[in-house]
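Numbers here are sequence positions counted from 1. Quick note: numbers below take in every heavy atom, side chains included, and nothing from hydrogens, waters or symmetry partners.
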Amino acid sequence: MTTVAFSPWVDLQNEPDSVHHNGSPQRDPMPLDPERLKKWIRKGRWPVNHEIRQKLWFRLCMQKVMSVGSVYKEMAKGMFGDPATGKEKNAQLEMPSFGEDDHINTYKLSEDGKKQLTKLLCVMHHTRPDINYCPFLPSIASLLLHYMDTEQAFDALSALLGSQRYKYLEQTFIGFEAFRISFTKLVIKFASPAHKWIVQRGDDPEKVYEGWVWWVLDLPFTHLVRVIDVFLVEGLKIFYRIGLAIVVLHKKHRGGEEIQGDMASSIQEFVKTIPTSPEILLNVAFQFRGLSRSIIGTYQTKHQIELRAEGKVMSKSPSKQKGIPVLLEEIQSSIINSKQLQTLWKWLPDRIALYQPRLIFTSEEHGFSLNTFYLKCEQYEPTVLLVKTTNNEVFGAYLSVSWEERNDDARKAPYFGNGECFMFTLTPKEMHYPWVGTTKANPKDVVPAETMYMRATVNELAIGGGDGEGIHLDKDLDKGYSQPCKTFNNSSLVTEADGQFQCQIIEVVVFEDKVSQENGTQHKSPNK
């Protein structure tokens, strides 16, 4: 009987053919006592292809936690389609961002494994919108997929994220930054000779240690898997220990050499080809006596307070960097194809991007009438307006509020809407024009001319204002013009020099939350 050590998603081309196992079936070797378990894991010398991790990693993650069963499977089916039907084969998947996209490791996952990773992270992003910054999450998810299936990995990640015993994954920008910068204090306290060597060379320690959190995840796979064995029992504390061990071992092996270039680069290269075994690395890591959770907690709390006082924030929200991939249903549009629909979906707010599109207005069926347009569309929000011109240009706008707002007597200004609105072009080129206020550091810098989102009367509608209108359509919906405007800081959406265009087709798309409907959960419809 052949024993398989890895999940089906692992590329075994460069792995040993033999699988290490324990021989004949034995009683469960995993200790239940926490202290005995910790010692047992630390002393474990299992190679990366040992069969034990197939069950061990999942059990370590799920201690005192009940599996959430079919949540992942049902959510993935709703988001990406049913594999049994073959509908998902054409889905264009793109990994959501949890911050630090330059540091996503997939290790030995095959191409199919990378797709499973993307799906896993998309479902996690959808079910845990409270996580706004968790740079370690993709790499940890990737490692889990080496030894368990996708549903188990989802349950394991959920358990780690919700752990009340130890911290496994920092889930906010402030928390992650405090975790990162606390390392300098720990090096000074527990690896003083190596720190002094760095200072004496004239290197800036802050620059040297800036990327230390990635040293651990960039270790050779043989070393990293043993580190994760310990991580699943002891939490993020092991990252500090391994980071300190790397600093010490780097000085030991490179201290007598002439370092070419900067010290940070030297350590990064050292990590990738570390000349010690996993056991020696862990032995050095466990020699830092007095490195307690209370000391670590004191440093991290102090840095969190300082970061908040300094007003430190993310330079950009990771959730806005990329749209959430969903297997989109066909809408029989005469304006955009499936590829363009996927492009448009990447620009939508994340809470909307998980819905399915539905075509509610098309001039081919409903005619060119602004009055009919209002009757068909005004009860929905948000909506997407699509325009195709007689020159085959395709452009439009995402509109965050209902056109029914035009009838609000309490509204004093002619314009309505909010900063979620944006304009775009899809043909001849793809351009996204978000509200100009998203680029301003201080909301007080926004002037009234930059808040002219939507305007509608019985004779015309307009999107964008301020020294021009981004999209203007007349009451017959057969012609209009596009101008640069301050609200979206856009160029004209058409190629004619005067911005004029003739409409060939006009369509309106709305959104349906079929994921929640299929899973039997309640979710407020985007419809009014």
Side-chain angles (χ1 to χ4, degrees), residues 5-7 9-16 19-20 38 41-54 56-58 60-61 98 100 102-110 113-114 116-117 120-121 134-148 153 156-157 160 166-170 176 179-180 183 211-250 253 267-286 288:
F6 295 104
S7 73
W9 329 121
V10 177
D11 184 353
L12 297 176
Q13 184 175 358
N14 297 317
E15 290 304 307
V19 174
H20 289 253
K38 183 168 71 173
I41 292 292
R42 286 186 178 187
K43 293 179 179 179
R45 291 173 177 253
W46 312 294
V48 295
N49 59 335
H50 199 292
E51 66 176 354
I52 193 171
R53 289 188 183 85
Q54 281 192 309
L56 178 63
W57 276 20
F58 184 69
L60 291 176
C61 293
F98 293 90
E100 304 287 343
D102 293 336
H103 295 283
I104 295 177
N105 294 317
T106 56
Y107 304 107
K108 297 184 180 297
L109 290 182
S110 63
K114 293 173 185 177
Q116 296 299 323
L117 174 64
L120 170 61
L121 293 174
C134 192
F136 283 170
L137 185 60
S139 295
I140 297 299
S142 175
L143 288 164
L144 293 179
L145 283 175
H146 285 69
Y147 298 101
M148 59 186 78
L157 275 179
L160 296 179
Y166 294 142
K167 175 79 75 173
Y168 287 94
L169 293 163
E170 293 289 352
F176 185 83
F179 169 76
R180 184 184 65 80
F183 184 70
W212 81 269
V213 292
W214 306 110
W215 298 346
V216 181
L217 293 172
D218 286 341
L219 282 165
F221 191 69
T222 50
H223 294 62
L224 179 57
V225 168
R226 281 292 292 125
V227 172
I228 299 301
D229 288 343
V230 180
F231 165 78
L232 295 178
V233 175
E234 303 186 32
L236 273 177
K237 178 182 174 182
I238 188 61
F239 274 64
Y240 281 130
R241 287 191 174 277
I242 297 298
L244 291 169
I246 288 170
V247 171
V248 170
L249 289 169
H250 177 260
H253 288 270
I267 295 178
Q268 289 168 1
E269 289 302 313
F270 174 79
V271 163
K272 294 176 181 178
T273 57
I274 189 166
T276 61
S277 68
E279 286 69 33
I280 291 176
L281 174 65
L282 287 171
N283 287 339
V284 173
F286 294 131
F288 301 109

statement: Scanning both residues in full, the closest heavy-atom pair of Phe98 with Leu121 reads CZ-O, 3.8 Å
Name each donor-acceptor pair under 3.5 Å that joins a side chain in residues 240-247 to protein atoms two or more places apart or in another chain, with its distance.
from	atom 1	to	atom 2	distance (Å)
Tyr240	OH	Phe179	O	2.6
Tyr240	OH	Gln300	NE2	2.8
Arg241	NH1	Ala285	O	2.9
Arg241	NH1	Phe288	O	3.3

Could you list the donor-acceptor pairs under 3.5 angstrom formed by side chains in residues 213-223, with sequence neighbours left out?
from	atom 1	to	atom 2	distance (Å)
Asp218	OD1	Asn105	ND2	3.4
His223	NE2	Thr276	O	2.6

message: As an exercise, state the distance from SG of Cys134 to CD1 of Ile140, rounded to the nearest 0.5 Å.
response: 9.0 Å
Heavy-atom pair with the smallest gap, counting every atom of Leu117 and Ala141: CD1-CB, 3.7 Å
task: Working to the nearest 0.5 Å, report the span between CG of Leu224 and CG of Leu143.
output: 5.0 Å
- request: Provide the closest heavy-atom pair for Ala156 versus Leu144 in the form atom of the first, atom of the second, distance.
  value: CB-CD1, 4.0 Å
message: Test of understanding: with side-chain hydrogen bond (donor to acceptor under 3.5 Å, both in side chains), list the residues that count as partners of Lys114, not counting sequence neighbours.
response: Glu111
- line: Separation between OG (Ser142) and CG (Leu137), nearest 0.5 Å, reads 11.0 Å
Spacing of CD1 belonging to Ile228 relative to CD1 belonging to Ile238, to within rounding of 0.5 Å: 9.5 Å
task: Assert yes or no for the condition that the ring centre distance of Phe136 to Phe176 is strictly below 6.0 Å.
output: yes
- request: Check step by step if side chain to side chain contact (heavy atoms under 4.5 Å, CB included) holds for Ile41 and Leu232.
  value: CA-CA 9 Å; Ile41 292 292; Leu232 295 178; over 6 Å; no
- request: Would you indicate whether the side-chain heavy atoms of Tyr147 and Val48 approach each other to under 4.5 Å?
  value: yes
- request: Give a yes or no answer on whether the side chain of His146 reaches the backbone of Lys108 with a donor-acceptor pair at less than 3.5 Å.
  value: yes
query: From Leu120 CG over to Gln116 CD, what is the distance, rounded to the nearest 0.5 angstrom?
result: 9.0 Å
- prompt: Taking the inter-plane angle between the rings of His253 and Phe270 on a 0 to 90° scale, is it parallel (under 30°), tilted (30 to 60°) or perpendicular (over 60°)?
  reply: tilted
- request: List in chain and number order the residues that pass salt bridge (charged side-chain N to carboxylate O under 4.0 Å, His left out) with Lys38, two or more places apart in sequence or in another chain; answer none if no residue qualifies.
  value: Glu35
field: Pairs meeting criterion side-chain hydrogen bond (donor to acceptor under 3.5 Å, both in side chains) with involvement of residues 224-235, two or more places apart
entry: Arg42-Glu234, Arg53-Asp229, Trp57-Asp229, Arg226-Asp229
query: Taking C-beta and beyond as the side chain, do Tyr166 and Leu236 meet within less than 4.5 Å on heavy atoms?
result: no
- request: Evaluate side chain to side chain contact (heavy atoms under 4.5 Å, CB included) for Leu145 paired with Phe6, printing each intermediate quantity in order.
  value: CA-CA 9 Å; Leu145 283 175; Phe6 295 104; over 6 Å; no
message: Just so I know, are the side chains of Phe239 and Val230 near enough to count as touching, which here means a heavy-atom distance under 4.5 Å?
response: no
